Structures are given as structure tokens and as C-alpha cells.
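All remarks here apply to the structure that follows.
Excluded from the calculations below are hydrogen atoms, water molecules and symmetry mates; all remaining heavy atoms, backbone and side chain alike, are included. Keep in mind the model is a prediction, meaning the values are calculated, not measured. Position 1 is the first residue of the sequence; numbering continues from there.
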Amino acid sequence: MEITIQEEKYNPFLKRKELKILVKHENEATPSKELIKNFLKEKFKVDDSQIKIDYALSKIGLAESLVKAKIYDEKIEVNKVEAQPVKSE
């Protein structure tokens, strides 16, 4: 599996890095969010609680996935900015 960061920009207002990542996965399934999170955790030396994966979408007919991720400066910022899932009863 080959992981390439295609675009990286810093958003000073939300105190986060916004990443677009291309993952080539020949003869493998679409990579899980956990696998991508572990890669980002090692590369940027941050805690996994600071990482938010928006999506990992496979391209039809290709062994490539496009991933959109955000890395926050602090864990606190993630809770302030990102929407929390709604629990239904």
C-alpha cells in the first residue's frame, strides 16, 4: 500500500491542517479509517484524538482511494469544531 499526501494546507482560524491523501492499494480492500489514522499519527507525531478522517472513497475500477483528513493542533479543538454523532433511541 502506498500513501501520498496530495494537498496539505493549514487553517489558522480552526487551528488545523487539512489534508487530501491518495492511497494506492493493489489487490487489497479500501483502507480503513484506523489504518489511515495510524499512518497520520506516526507521520505527524500527534495523538489519534487530534485526527479526524472525513471520508475514504475508492475510485471505481481503480485500486486507489481518496481520503480527506484533518489534524487539529489540540484535542480540545476537535470537540469544539466537529459535529458529534446524534444518538437515536
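- For L66, the side chain to side chain contact (heavy atoms under 4.5 Å, CB included) partners at least two apart in sequence or on another chain are Q6.
- Hydrophobic cluster membership is shared by V46 and I21, with clusters built from Ile, Leu, Val, Met, Phe, Trp and Tyr side chains linked at under 4.5 angstrom.
- Of all heavy-atom pairs between K52 and Y72, the closest is CB-CE1, 4.3 Å.
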Residues I51, F39; criterion side-chain contact (heavy atoms from CB on, under 4.5 Å); working and verdict:
CA-CA 11 Å; I51 301 170; F39 167 78; over 6 Å; no
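- Residues satisfying the side chain to side chain contact (heavy atoms under 4.5 Å, CB included) test with E34, not counting sequence neighbours, are S32, K37.
- K9 meets the side chain to side chain contact (heavy atoms under 4.5 Å, CB included) test with E7, E18; sequence neighbours excluded.
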For the pair K70 and N11, evaluate side-chain contact (heavy atoms from CB on, under 4.5 Å) and give the outcome as yes or no after the intermediate values.
CA-CA 10 Å; K70 301 170 192 148; N11 185 331; over 6 Å; no
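- Looking at residues two or more places apart in sequence or on another chain, you find a side chain to side chain contact (heavy atoms under 4.5 Å, CB included) between D47 and S49, Q50.
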Before you tell me yes or no, could you show the steps for E8 and K17 under side-chain contact (heavy atoms from CB on, under 4.5 Å), namely the whole-Å CA-CA distance, both residues' side-chain angles and the distance that decides it to 0.1 Å?
CA-CA 7 Å; E8 177 181 341; K17 289 180 189 170; 3.6 Å; yes
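- Between D54 and K33 the shortest heavy-atom distance is O-NZ, 3.9 Å.
- Side-chain contact between I3 and V67 is absent, with no heavy-atom pair separated by less than 4.5 Å.
- Between atom CG of residue N38 and atom CG of residue D48 there is a gap of 7.5 Å, rounded to the nearest 0.5 Å.
- Residues L22 and I36 are members of separate hydrophobic clusters, defined by side-chain heavy-atom contacts under 4.5 angstrom among Ile, Leu, Val, Met, Phe, Trp and Tyr.
- Closest heavy-atom contact between P31 and A56: O-CB, 4.3 Å.
- Other cluster members for L57: Y55, joined by side-chain heavy-atom distances under 4.5 Å among Ile, Leu, Val, Met, Phe, Trp and Tyr.
- Shown here for H25 and T30, the closest heavy-atom pair between the two residues is CE1-CA, 3.9 Å.
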Please lay out, stage by stage, how L35 and M1 fare under the test side-chain contact (heavy atoms from CB on, under 4.5 Å).
CA-CA 11 Å; L35 184 80; M1 184 172 336; 3.2 Å; yes
